[in-house]
Enquirer: 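Just dropping this structure here.
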Amino acid sequence: MDQKKVQAFFEGNEIKAYDIFGAHLTKAGVHFAVYAPNAKNISVIGAFNNWDDKENTMKKDAHGIWEADVSNAKPGQSYKYRITQSTGTIVDKMDPYAFYSELRPNTASIISDLSYDKWTDQTWLDQRNKGFDSPVNIYEMHVGSWKKPDEDPETFVHYHEIEKDLIEHCQKHHFTHVEMMPLCEYPFDGSWGYQCTGYFSSTSRYGTNHELMHFVNALHNAGIGVIMDFVPVHFVKDNYALAMYDGTPIYEYSKPADAYSQWDTFNFDLWKEEVRSFLMSAANFWIDVYHFDGLRMDAISNAIFWQGDKRNGVNEGACNFMKRMNFNLNKAHQGKIMLIAEDSTDFPNVTKSTLDGGLGFDYKWDLGWMNDTLNYCKKDPIYRQWHQNSITFSMAYFYSEKFVNVFSHDEVVHGKATIVDKMWGSYEDKFAQARAVYAYMFTHPGKKLNFMGNEIGQLREWDETKSCDWFLLEYPMHDAFNHFFQDLGKLYVENDAFWKNDYSPESFEWIDADNATHNMFSYIRKGTDKDYVIILNFSTNPYDHQQFGVASMGEYKEVLNTEWSKYNGNYKDDKPQKCHAVRLSRNGKPFMIECNVPSLGATIFEVNKK
């Protein structure tokens with residue numbers, strides 16, 4: 001055993017603890033190692049010894065690490081650790097560092113060979129980056145319910161069954177990245193992977209380790225990045241897993257008030273150095289072994305503040321852990337990976353460099369933008385004039401962090417209604433406003449994330465046991481919405497006004513943020529060669545011959561109108577408007593254009609600056 005790695009593990013600085021612990025193939029068989037300092041005795045039991053705890057008793061070293069070499073153990077065989085805990089209780093536990101596990105309801109770990117010689121994505125790995133000045137359009141998905149082979153809850157899709165379709169879908173919709181909900185092993189399907197057991201174990205629901213590697217490799221070769229949800233805050237209470245592993249709280253807090261989470265799980269004790277090494281290694285594992293391009297860290301608010309409640313104060317130990325984790329991951333991967341925080345608080349400097357005192361994440365979900373936008377669109381347009389700041393407020397704080405605009409899975413479950421269904425009004429009104437909202441989303445500064453089904457205007461809330469409602473594309477409104485989504489994605493990724501200098505104030509300028517009477521908003525996005533004027537009208541009234549101040553002369557050509565007939569809008573003629581700027585001051589700008597603005601819609605104009 002590498003003693004330098006062991007020392008780093010106990011110092012809380014090891015990001016490859018999976019090289020020390022777990023079941024590793026050797027020339028002589030399999031070497032098992034597990035950390036359980038207060039256990040009285042441990043035997044490794046499995047298919048290789050008929051689950052006999054007398055045959056392969058492990059030896060404990062001075063650090064509390066138990067080891068055993070088993071000559072007849074082989075890949076594919078299941079195993080557990082039979083632990084005589086500090087209390088004298090005997091319990092069979094999974095391997096915290098197992099690389100594969102049995103499908104629920106079975107709970108044993110499985111010996112797995114992680115070597116893989118079919119990677120062909122080195123060019124991608126060399127060129128990938130954090131995307132600060134690149135288009136980042138993320139497709140969030142639950143692998144098990146994107147496209148199921150049938151609707152039997154006990155039937156799981158496999159990676160190879162959706163690989164080709166997913167690549168084509170992402171390319172058609174101009175998604176730059178796929179973000180997969182947690183793929184660590186977990187016992188309860190309804191937790192969607194957010195209540196984990198095996199932090200190094202790719203879930204057996206969707207295929208083998210090598211099939212997941214093939215899946216990631218294929219996405220990379222198609223030019224699509226891969227991000228995974230990672231849960232560094234809490235873990236399940238199931239007795240076979242991490243909880244009270246050796247009879248003492250190795251992974252959780254000792255104090256019950258701190259240990260129990262709001263989800264009826266255990267909180268990781270992020271002050272412990274061994275736990276820090278465990279979680280940093282788990283995070284690194286998916287990037288190192290499976291070539292993931294980044295991680296979206298779940299429930300960061302619950303790490304920043306004790307129990308996620310600002311009134312309880314800042315959890316300094318947890319914050320120090322996050323700083324260390326993000327620093328070490330960036331160092332290990334040359335600063336090329338994305339680290340994204342789900343954080344609903346106003347805690348400062350989440351995306352500031354650790355070298356400057358920040359937590360060191362690259363991006364933060366803008367849940368404030370999401371809530372404000374959707375709450376505004378739920379209101380009757382008559383009352384929206386008194387809530388103008390719901391749309392304008394995001395730009396008041398936008399430059400404080402590097403934000404991602406998100407309409408995630410959290411917004412389309414548990415009685416919340418889907419994005420389209422949240423909109424006010426009739427069926428037609430809902431789709432009109434949804435198109436306008438998405439025009440707003442994709443032209444607002446910040447990277448983008450949408451959950452699967454959003455792109456087809458799904459009306460049924462997400463259910464992890466059912467596929468997306470792809471049959472909706474047979475209906476004109478949904479088919480048109482899907483084509484709108486494709487066109488909007490294309491406009492976004494192909495024009496640097498919408499992503500270059502995203503986090504610099506020079507890329508965005510309000511034209512009129514205060515037209516509450518008309519429920520109207522207008523602003524400019526500035527690019528290298530082209531600028532764009534975006535006009536949003538959340539009123540039921542169309543406004544013709546409206547004047548807007550612009551920053552430069554030239555011909556302003558309409559490149560997208562959410563009410564064009566091809567999107568099933570109210571316009572019968574999809575002929576783009578053309579406006580010539582004249583030298584008349586409007587809205588504090590030296591020039592002016594005049595155009596027609598659709599009701600409950602948006603229009604986008606392009607001007608070539610050269």
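All values reported here derive from a predicted model rather than from experimental measurement. Here, residue 1 is the first one in the sequence, and each next residue gets the next number.
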Enquirer: Which heavy atom of Glu401 sits nearest a heavy atom of Phe347, and at what distance?
Expert: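 Residues Glu401 and Phe347, closest heavy atoms: OE2-O, 3.7 Å.
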Enquirer: For residues Glu558 and Thr603, is any side-chain donor paired with an opposing acceptor at under 3.5 Å?
Expert: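 Glu558 vs Thr603: donor-acceptor pair found between side chains.
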Enquirer: Checking Gln122 against Asp126: is there a side-chain donor and acceptor pair closer than 3.5 Å?
Expert: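 Yes, side-chain donor-acceptor contact under 3.5 Å.
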Enquirer: Any side-chain heavy-atom pair from Ile162 and Tyr206 closer than 4.5 angstrom?
Expert: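 No; the side chains remain at least 4.5 Å from each other.
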Enquirer: Take Tyr532 and Ile524 through the test side chain to side chain contact (heavy atoms under 4.5 Å, CB included) and record every step on the way to the result.
Expert: CA-CA 6 Å; Tyr532 291 84; Ile524 303 170; over 6 Å; no
Enquirer: Is there side-chain contact between Thr562 and Phe484, with at least one heavy-atom pair below 4.5 Å?
Expert: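 Yes, close enough: below the 4.5 Å cut-off.
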Enquirer: Are any non-hydrogen side-chain atoms of Tyr571 and Asn561 less than 4.5 angstrom apart?
Expert: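 Heavy-atom side-chain distance check passes, below 4.5 Å.
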Enquirer: Hey, which of Lys430, Lys379, Gln433 is the one that makes side-chain contact (heavy atoms from CB on, under 4.5 Å) with Trp424?
Expert: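 It is Gln433; the other options fail the test.
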Enquirer: Show the nearest heavy-atom pair for residues Leu367 and Ser344, with the distance to one decimal.
Expert: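 The pair with the smallest heavy-atom distance is CD1-CB, 3.7 Å.
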Enquirer: Among Ile340, Asp343, Ile300, Asn349, whose side-chain contact (heavy atoms from CB on, under 4.5 Å) with Phe361 holds?
Expert: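 When Ile340, Asp343, Ile300, Asn349 are each tested with Phe361, the side-chain contact (heavy atoms from CB on, under 4.5 Å) holds only for Ile300.
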Enquirer: Heavy atoms only: give me the nearest Ala434-Phe481 pair and the separation to one decimal.
Expert: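 Nearest pair, atom of Ala434 first, then Phe481: CB-CE1, 3.9 Å.
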Enquirer: Strictly by modelled atom types, are Ser522 and Asp512 linked by a side-chain donor-acceptor pair under 3.5 Å?
Expert: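 No, because no side-chain N or O of Ser522 sits under 3.5 Å from a partner of the opposite role on Asp512.
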Enquirer: Look up atom CD1 in Ile15 and atom CG in Asn284, then write down how far apart they are to the nearest 0.5 Å.
Expert: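 One finds 4.0 Å between CD1 of Ile15 and CG of Asn284.
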Enquirer: Contact between His142 and Trp146 at the side-chain level, heavy atoms closer than 4.5 Å - yes or no?
Expert: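 Contact flag for His142/Trp146 side chains = no.
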Enquirer: How many angstroms lie between atom NZ of Lys310 and atom OG1 of Thr345, to the nearest 0.5 angstrom?
Expert: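 Between Lys310 NZ and Thr345 OG1, I get 7.5 Å after rounding to 0.5 Å.
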Enquirer: What is the ring orientation for Tyr194 with Trp192, classed by angle as parallel under 30°, tilted 30 to 60°, or perpendicular over 60°?
Expert: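 Rings of Tyr194 and Trp192: perpendicular, as their planes differ by over 60°.
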Enquirer: Check Asp502 with Lys402, please: is the shortest side-chain N to carboxylate O separation under 4.0 Å?
Expert: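 No, Lys402 and Asp502 are not salt-bridged.
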Enquirer: Answer yes if the side chains of Tyr523 and Thr443 hold a donor-acceptor pair under 3.5 Å, and no otherwise.
Expert: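 Per modelled atom types, Tyr523 and Thr443 side chains form a pair under 3.5 Å.
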Enquirer: Could you go through Tyr438 and Phe485, starting from their C-alpha distance and side-chain angles, then the distance that decides it, and tell me whether this counts as side chain to side chain contact (heavy atoms under 4.5 Å, CB included)?
Expert: CA-CA 8 Å; Tyr438 275 110; Phe485 211 99; 3.7 Å; yes
Enquirer: One thing to verify: whether Arg435 and Glu563 come together as a salt bridge, which I'm taking to mean a side-chain N less than 4.0 angstrom from a carboxylate O.
Expert: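 Yes, Glu563 and Arg435 are salt-bridged.
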Enquirer: Less than 4.0 Å between a side-chain N and a carboxylate O, is that true for Asp531 and Lys526?
Expert: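 Here Lys526 does not pair with Asp531 in a salt bridge, since their nearest N and O are not under 4.0 Å apart.
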Enquirer: With respect to Tyr139, which candidate in His173, His169, His174, His409 satisfies the ring pair (Phe, Tyr, Trp, His ring centres under 6.0 Å) definition?
Expert: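 Exactly one pass, corresponding to His169.
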Enquirer: Below 6.0 angstrom between ring centroids: does that apply to Phe398 and Phe508?
Expert: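 When the ring centroids of Phe398 and Phe508 are compared, they turn out to be at least 6.0 Å apart.
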Enquirer: Quick check on Tyr399: does its OH atom have over 12 non-hydrogen neighbours (other residues, nucleotides or ligands) under 6.0 Å away?
Expert: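 Counting other residues, nucleotides and ligands, OH of Tyr399 exceeds 12 neighbours.
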Enquirer: Tell me whether the count of non-hydrogen atoms from other residues, nucleotides or ligands lying under 6.0 Å of NE2 in His214 goes above 12.
Expert: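 Not more than 12 within 6.0 Å, no.
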Enquirer: Does either side chain, that of Asn137 or that of Thr176, offer a donor lying less than 3.5 Å from an acceptor on the other one?
Expert: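 Per modelled atom types, Asn137 and Thr176 side chains form no pair under 3.5 Å.
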Enquirer: Determine the sole option in Leu339, Thr351, Thr354, Ile304 for which the side-chain contact (heavy atoms from CB on, under 4.5 Å) test with Leu359 is passed.
Expert: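 Of the listed residues Leu339, Thr351, Thr354, Ile304, the side-chain contact (heavy atoms from CB on, under 4.5 Å) partner of Leu359 is Ile304.
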Enquirer: Crowded around Lys164 NZ? As in, over 12 foreign heavy atoms under 6.0 Å?
Expert: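 No, the 6.0 Å shell around NZ holds no more than 12 heavy atoms from other groups.
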Enquirer: Please round to the nearest 0.5 Å and tell me the distance separating atom CD of Glu140 and atom NE2 of His177.
Expert: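 Output value for this atom pair is 14.5 Å.
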Enquirer: Do Asn328 and Lys323 get their side chains close enough for a donor-acceptor pair, meaning under 3.5 Å?
Expert: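 No pair is found: no donor N or O on one side chain lies under 3.5 Å from an acceptor on the other.
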Enquirer: Output, in order, the C-alpha distance, side-chain angles, deciding distance and verdict of side chain to side chain contact (heavy atoms under 4.5 Å, CB included) for His291 and Asp121.
Expert: CA-CA 9 Å; His291 292 199; Asp121 63 346; 2.9 Å; yes
Enquirer: Using a 4.5 Å cut-off on heavy atoms from C-beta on, say whether the side chain of Trp286 contacts that of Leu212.
Expert: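 The answer is yes; the side chains approach within 4.5 Å.
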Enquirer: Taking the ring centre of each residue, are Trp462 and His414 less than 6.0 Å apart?
Expert: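 Centroid separation for Trp462 and His414: 6.0 Å or greater.
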Enquirer: I need the Ile535 CD1 to Asn596 CG distance, nearest 0.5 Å.
Expert: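 The CD1 atom of Ile535 sits 10.0 Å away from the CG atom of Asn596.
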Enquirer: Please confirm whether the ring centroid of Phe538 lies under 6.0 Å from the ring centroid of His518.
Expert: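 No, they do not, as the ring centres are separated by 6.0 Å or more.
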Enquirer: Which heavy atom of Ala602 sits nearest a heavy atom of Ala439, and at what distance?
Expert: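 Heavy atoms only, the tightest pair is CB-CB, 3.7 Å.
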Enquirer: Are more than 12 heavy atoms from other residues, nucleotides or ligands located less than 6.0 Å from atom NZ of Lys147?
Expert: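 Counting other residues, nucleotides and ligands, NZ of Lys147 exceeds 12 neighbours.
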Enquirer: Measure the shortest side-chain to side-chain distance between Leu183 and Met180 over non-hydrogen atoms and say whether it is less than 4.5 angstrom.
Expert: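 Yes, close enough: below the 4.5 Å cut-off.
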Enquirer: Identify the residue among Met592, Glu594, Gln547 that makes a side-chain contact (heavy atoms from CB on, under 4.5 Å) with Leu584.
Expert: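 It is Met592; the other options fail the test.
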Enquirer: Describe, in one word, how the ring planes of Phe521 and Tyr376 are oriented to each other, choosing from parallel (under 30°), tilted (30 to 60°) and perpendicular (over 60°).
Expert: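 Judged by the thresholds at 30° and 60°, the geometry between Phe521 and Tyr376 is perpendicular.
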Enquirer: For Asp366 and Trp369, work out which heavy atoms get closest and say how close.
Expert: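 Minimum heavy-atom contact is OD1-N, 3.0 Å.
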Enquirer: Hey, are the side chains of Arg525 and His444 touching, using non-hydrogen atoms and a 4.5 Å cut-off?
Expert: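 Not in contact.
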Enquirer: May I ask you to check whether over 12 heavy atoms, not counting those of Lys500, lie within 6.0 Å of atom NZ?
Expert: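 Incorrect, the count does not exceed 12.
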Enquirer: Measure the spacing between CG of Leu125 and CD of Gln334 and express it to the nearest 0.5 Å.
Expert: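 Reported to 0.5 Å precision, the distance equals 10.0 Å.
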Enquirer: Run the numbers on Cys184 and Met228 for side chain to side chain contact (heavy atoms under 4.5 Å, CB included), then give the verdict.
Expert: CA-CA 10 Å; Cys184 298; Met228 191 182 81; 4.1 Å; yes
Enquirer: Name the residue from Thr540, Asn541, Asn537, Asp429 that meets the side-chain contact (heavy atoms from CB on, under 4.5 Å) definition with Pro381.
Expert: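 When Thr540, Asn541, Asn537, Asp429 are each tested with Pro381, the side-chain contact (heavy atoms from CB on, under 4.5 Å) holds only for Thr540.
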Enquirer: I'd like to know if Lys589 and Glu509 make a salt bridge, using a cut-off of under 4.0 Å between side-chain N and carboxylate O.
Expert: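 Salt bridge flag = yes for Glu509 with Lys589.
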Enquirer: If you look at every heavy atom in Lys530 and Lys609, which pair is closest and at what distance?
Expert: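 It is N-CE, 4.2 Å.
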Enquirer: Quick one: do the Asp372 and Ser394 side chains pair a donor with an acceptor below 3.5 Å?
Expert: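 No, no side-chain donor-acceptor contact under 3.5 Å.
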Enquirer: Decide, yes or no, whether a salt bridge links Arg296 with Asp229 under the criterion of side-chain N to carboxylate O below 4.0 Å.
Expert: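 The answer is yes: the pair qualifies as a salt bridge.
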Enquirer: How long is the span from the CD atom in Glu211 to the OH atom in Tyr159, to the nearest 0.5 Å?
Expert: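 Rounded to the nearest 0.5 Å, the CD-OH separation comes out at 9.0 Å.
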Enquirer: Taking atom types as modelled and ignoring hydrogens, do the side chains of Asp293 and Trp124 form a donor-acceptor contact shorter than 3.5 angstrom?
Expert: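 Trp124 and Asp293 do have a side-chain donor-acceptor pair below 3.5 Å.
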Enquirer: Count the heavy atoms belonging to other residues, nucleotides or ligands that lie under 6.0 Å from CZ of Phe393, then report whether that count exceeds 12.
Expert: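 No.
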